[in-house]
Amino acid sequence: MVEIIPSILSADFARLAEEIAAVERGGASMLHLDVMDGHFVPNLTMGPPVVESIRRATRLRLDVHLMIENPERYVEAFVGAGADAVSIHYEACRHLETTLDKIRKAGALAGVVLNPSTPVAALEDAIVMADYVLLMSVNPGFGGQKLIPYALEKVRKLDTLRKEKHLALPIEIDGGVNRENLAEVVRAGCDWIVTGSAVFHSPSAEVAVREFREIAAGATAVRC
Ligand code: DX5
Ligand code: ZN
């Protein structure tokens, strides 16, 4: 089933609990939390204490996207703070398998993220180590950017690769997904769809999530 996963990066942090409750009412079952360190990406966001507070405020599954250098140092702290899924960038990992194992041993799903310019072929062997793969459809660091069209071609390639390997792992996409391109994103083969500004900068985050879920369900029916 296709999941719409709101990214709180574009939420109003002063009203975060309300914003989270709204997307939950809209039918979201997962929340995307963007962790940035000012090194891997030119922006700063949150650390484990914020994840822990969010964990206490909601029952939604927490999908933590680490845009940080040396992720192996921090993955256990994020799982300990309540993450259900933790993804690490291929570009930031010297020992990908070891770090993915650390996440899994700590008790969360372990995901690999590829930047737009990293080819899907980089995962040809490593794909078996991951519980899910996140393809960036913008250069990471900021919400509200435009989806890079060739990202959808990468989704199709990754879909082919997972079928060849007989893997059922979800493909996640992150960046620039909106009402206009959502159906195409689903048809390309995405299962977990992150969306930030299109949900939280709309008049009602609850209504936006509900509508996005309907669009995604319609496009999934076409895909199958
Ligand atoms: C960008 C983040 C995204 C961001 C997406 O680096 O990883 O999760 O919140 O925001 P939109 O949907 O506005 O592109
Ligand atoms: Zn993200």
Side-chain angles (χ1 to χ4, degrees), residues 2-13 16 19-20 22-23 26 28 30-47 50-51 54 60-69 71 74-75 78 83-92 103 108-118 130 132-152 154-155 170-186 188 190-203 205 208-209 211-213 215-216:
V2 173
E3 304 251 13
I4 299 295
I5 311 180
S7 161
I8 62 162
L9 190 63
S10 296
D12 178 353
F13 278 76
L16 192 52
E19 297 265 61
I20 293 172
V23 297
M30 238 194 282
L31 208 58
H32 186 82
L33 309 184
D34 287 304
V35 176
M36 306 186 187
D37 67 352
H39 292 277
F40 184 73
V41 288
N43 200 1
L44 290 160
T45 55
M46 65 190 84
V50 176
V51 175
I54 295 172
L60 296 184
R61 281 178 292 147
L62 302 181
D63 167 35
V64 174
H65 173 195
L66 297 183
M67 285 159 274
I68 62 175
E69 304 276 6
Y74 304 100
V75 289
F78 282 102
D84 299 283
V86 174
S87 59
I88 51 175
H89 271 260
Y90 173 87
E91 302 83 8
I103 297 170
L109 293 178
V112 183
V113 194
L114 298 187
N115 273 336
S117 60
T118 304
Y132 61 102
V133 175
L134 166 50
L135 294 180
M136 290 307 301
S137 39
V138 296
N139 284 295
F142 302 92
Q145 304 181 73
K146 254 193 140 94
L147 182 139
I148 298 171
Y150 71 74
L152 294 187
K154 289 177 67 183
V155 172
I171 297 177
E172 184 172 23
I173 191 163
D174 184 7
V177 178
N178 56 34
R179 195 180 302 268
E180 284 67 46
N181 58 27
L182 176 59
E184 197 187 350
V185 164
V186 172
C190 294
D191 310 286
W192 290 4
I193 298 172
V194 177
T195 170
S197 49
V199 163
F200 289 108
H201 293 172
S202 73
V209 172
E211 287 176 357
F212 280 34
R213 292 181 72 237
I215 295 169

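Atoms considered below: every heavy atom in the structure, side chains included; atoms not considered: hydrogens, waters and symmetry mates. This chain uses plain numbering: 1 for the first residue, then up along the sequence. Note that ligands are numbered from 1 as they come in the structure, with each ligand's atoms numbered from 1 the same way.
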(request) Taking side-chain hydrogen bond (donor to acceptor under 3.5 Å, both in side chains) as the test, write out the residues that go with Thr45, two or more places apart. (result) none
(message) Is it the case that the side chain of Ser137 and the backbone of Asp174 share a donor-acceptor pair, with hydrogens and angles ignored and the cut-off at 3.5 Å?
(response) yes
(message) Using a 3.5 Å distance criterion without hydrogens, assess whether the side chain of Gln145 forms a donor-acceptor pair with backbone atoms of Asn139.
(response) yes
(request) Apply side-chain hydrogen bond (donor to acceptor under 3.5 Å, both in side chains) to Asp12 and list each qualifying residue two or more places apart in sequence or on a separate chain. (result) none
Show me a pair-per-line table, with atom names and distances to 0.1 Å, of protein N or O atoms that are under 3.5 Å from an N or O of ligand 1.
residue: ligand 1; atom: 6 (O); partner: Gly141; partner atom: N; Å: 2.7
residue: ligand 1; atom: 7 (O); partner: Asp34; partner atom: OD1; Å: 2.9
residue: ligand 1; atom: 7 (O); partner: His65; partner atom: ND1; Å: 3.3
residue: ligand 1; atom: 7 (O); partner: Asp174; partner atom: OD2; Å: 2.9
residue: ligand 1; atom: 8 (O); partner: His32; partner atom: NE2; Å: 3.4
residue: ligand 1; atom: 8 (O); partner: Asp34; partner atom: OD1; Å: 3.1
residue: ligand 1; atom: 8 (O); partner: Asp34; partner atom: OD2; Å: 2.8
residue: ligand 1; atom: 8 (O); partner: Asp174; partner atom: OD1; Å: 2.7
residue: ligand 1; atom: 8 (O); partner: Asp174; partner atom: OD2; Å: 3.0
residue: ligand 1; atom: 9 (O); partner: Ser7; partner atom: OG; Å: 2.7
residue: ligand 1; atom: 9 (O); partner: Asp34; partner atom: OD2; Å: 3.2
residue: ligand 1; atom: 12 (O); partner: Gly196; partner atom: N; Å: 2.8
residue: ligand 1; atom: 13 (O); partner: Gly144; partner atom: N; Å: 2.8
residue: ligand 1; atom: 13 (O); partner: Ser197; partner atom: N; Å: 3.0
residue: ligand 1; atom: 13 (O); partner: Ser197; partner atom: OG; Å: 2.6
residue: ligand 1; atom: 14 (O); partner: Gly176; partner atom: N; Å: 2.8

(message) Taking Phe40's backbone N and O only, do any of them form a donor-acceptor pair with Asp37's side chain (distance below 3.5 Å, no angle check)?
(response) yes
(message) Could you tell me if His65 and Asp63 have a donor-acceptor pair between their side chains, going purely by distance under 3.5 Å?
(response) no
(request) With 2.8 Å as the limit, jot down which protein N, O or S atoms are around the Zn ion (ligand 2). (result) His32 NE2, Asp34 OD1, His65 ND1, Asp174 OD2
(message) If you apply the rule side chain to side chain contact (heavy atoms under 4.5 Å, CB included), what do you find for Val194 with Asp34, and how did you get there?
(response) CA-CA 11 Å; Val194 177; Asp34 287 304; 5.7 Å; no
(request) Might you work through the side chain to side chain contact (heavy atoms under 4.5 Å, CB included) test for Leu33 and Ile8, ending with a clear yes or no? (result) CA-CA 6 Å; Leu33 309 184; Ile8 62 162; 3.5 Å; yes
(message) Quick check against the 3.5 Å criterion: does Asn115 have a side-chain atom that pairs as donor or acceptor with the backbone of Ser117?
(response) no
